[in-house]
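These notes are about the structure you will find just below.
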Amino acid sequence: MKITLKLLRFDEIASVDGIELDEHDEEVAGGSMATIFERLSGRLELSSCHPFLVTVERTTVGFLMLREGQALPSWANPDAISLHNFRISRQAQGRGIGTAALALAAVWIAVHRPGSSSLTLSVNEENSSALRLYRRFGFETSGHFVGRLGTELVLSCDVSELLKKYVADRH
């Protein structure tokens with residue numbers, strides 16, 4: 001099974017289809033793709049946002065956004081890259097695709113942003129499946145805040161640790 005990340009142009013985000021989530025999962029992942037596009041279209045720092053499709057054998061099964069620099073949220077360290085809107089389609093869940101996508105995001109950071117030492121994200125404390133995935137990768141809690149849907153945990157992991165997981169999973 002060939003899993004890849006494909007960098008998108010911003011005008012492509014709203015038309016992404018093939019990612020089917022139940023209503024709750026879509027809400028905790030930031031809303032619909034159209035909502036994500038609308039939120040981003042008003043931002044001045046678009047060059048610091050990097051949207052990716054997650055594909056399996058060229059079929060779209062997921063999405064994630066990496067942000068850096070001016071586009072970082074207030075809860076992220078300035079030298080970090082932050083992960084947002086991560087989602088894997090309901091039909092593709094449980095097959096290791098989310099794990100592979102997270103590892104591929106770490107590879108992208110290492111290649112394209114070698115000065116960034118960590119990946120950070122926020123996740124709703126009620127999102128147990130996402131928390132399990134992030135904990136398996138070695139993400140640790142570095143803070144919390146009240147978000148749109150309740151308490152959000154801020155999790156961080158060194159990119160070097162994520163790369164070790166990527167290498168271990170390939171062997």
Side-chain angles (χ1 to χ4, degrees), residues 2-13 16 19 28-31 33 36-37 39-56 60-88 96-125 127 129-148 151-171:
K2 182 174 169 109
I3 301 166
T4 60
L5 293 183
K6 177 188 176 224
L7 192 58
L8 291 175
R9 292 186 331 259
F10 282 97
D11 59 353
E12 295 174 307
I13 294 173
V16 169
I19 305 170
V28 297
M33 296 306 295
I36 292 167
F37 177 74
R39 278 193 210 123
L40 283 171
S41 61
R43 296 181 87 90
L44 297 176
E45 67 278 351
L46 285 179
S47 64
S48 298
C49 298
H50 312 287
F52 292 90
L53 286 181
V54 179
T55 65
V56 175
T60 298
V61 298
F63 177 83
L64 64 87
M65 173 87 64
L66 298 176
R67 292 174 23 189
E68 64 180 327
Q70 299 174 40
L72 285 171
S74 60
W75 44 262
N77 291 328
D79 67 336
I81 300 282
S82 58
L83 175 70
H84 303 269
N85 310 115
F86 188 27
R87 62 194 62 219
I88 300 295
I97 296 166
T99 299
L102 201 50
L104 289 169
V107 170
W108 186 89
I109 294 166
V111 169
H112 298 280
R113 301 298 185 268
S116 295
S117 61
S118 66
L119 180 62
T120 191
L121 57 95
S122 74
V123 62
N124 187 282
E125 69 180 355
N127 192 344
S129 59
L131 280 168
R132 276 193 305 276
L133 170 69
Y134 299 135
R135 298 283 189 222
R136 265 197 326 266
F137 260 91
F139 280 84
E140 296 182 4
T141 304
S142 58
H144 67 279
F145 63 94
V146 177
R148 293 181 299 119
T151 301
E152 294 278 321
L153 301 176
V154 177
L155 304 178
S156 298
C157 189
D158 287 344
V159 171
S160 61
E161 292 301 313
L162 295 169
L163 290 172
K164 287 178 191 174
K165 175 73 172 159
Y166 173 74
V167 170
D169 283 352
R170 295 193 63 153
H171 289 94

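If you read the sequence from its start, that first residue is 1, and numbering goes on from there.
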A side-chain contact here means heavy atoms from C-beta on lying under 4.5 Å apart; do [X] and [Y] qualify?
{"X": "Thr120", "Y": "Asn77", "result": "no"}
{"X": "Val16", "Y": "Leu8", "result": "yes"}
{"X": "Leu5", "Y": "Val54", "result": "yes"}
{"X": "Phe139", "Y": "Leu119", "result": "yes"}
{"X": "Val61", "Y": "Thr55", "result": "no"}
{"X": "Trp108", "Y": "Arg113", "result": "yes"}
{"X": "Ser129", "Y": "Asn127", "result": "yes"}
{"X": "Pro73", "Y": "Ser122", "result": "no"}

Query raised in the report: side chain to side chain donor-acceptor pair (under 3.5 Å) with Ser117: which residues, sequence neighbours excluded?
Result: Asp79

Looking only at non-hydrogen atoms, find the nearest pair between [X] and [Y] and report the distance.
{"X": "Leu7", "Y": "Pro51", "answer": "CD1-O, 3.3 Å"}
{"X": "Pro114", "Y": "His112", "answer": "CD-C, 3.4 Å"}
{"X": "Ser116", "Y": "Val159", "answer": "O-CG2, 3.8 Å"}
{"X": "Ala130", "Y": "Val123", "answer": "CB-CG2, 3.8 Å"}
{"X": "Thr4", "Y": "Leu104", "answer": "CA-CD1, 4.0 Å"}
{"X": "Cys49", "Y": "Arg67", "answer": "SG-CG, 3.9 Å"}

Between [atom1] on residue [X] and [atom2] on residue [Y], distance to nearest 0.5 Å:
{"X": "Ser142", "Y": "Leu153", "atom1": "OG", "atom2": "CG", "result": "9.5 Å"}
{"X": "Ser118", "Y": "Leu155", "atom1": "OG", "atom2": "CG", "result": "12.0 Å"}
{"X": "Phe137", "Y": "Lys164", "atom1": "CZ", "atom2": "NZ", "result": "14.0 Å"}
{"X": "Leu102", "Y": "Ile97", "atom1": "CG", "atom2": "CD1", "result": "13.5 Å"}
{"X": "Thr60", "Y": "Lys6", "atom1": "OG1", "atom2": "NZ", "result": "7.5 Å"}
{"X": "Ile36", "Y": "Met65", "atom1": "CD1", "atom2": "CE", "result": "7.0 Å"}

Requested in this report: Check ring-ring contact (aromatic ring centres under 6.0 Å, His included) between Phe86 and all other residues, then give those that pass, not counting sequence neighbours.
Outcome: none

Query raised in the report: Got more than 12 heavy atoms from elsewhere within 6.0 Å of CD, Glu140?
Result: no

Query raised in the report: Just wondering, more than 12 heavy atoms not from His144 lying within 6.0 Å of its NE2?
Result: no

Query raised in the report: Side chains of Arg135 and Thr141: donor-acceptor distance under 3.5 Å anywhere?
Result: yes

**Report entry** Check: Glu12 side chain, Arg9 main-chain N or O, donor-acceptor pair, under 3.5 Å
**Finding:** yes

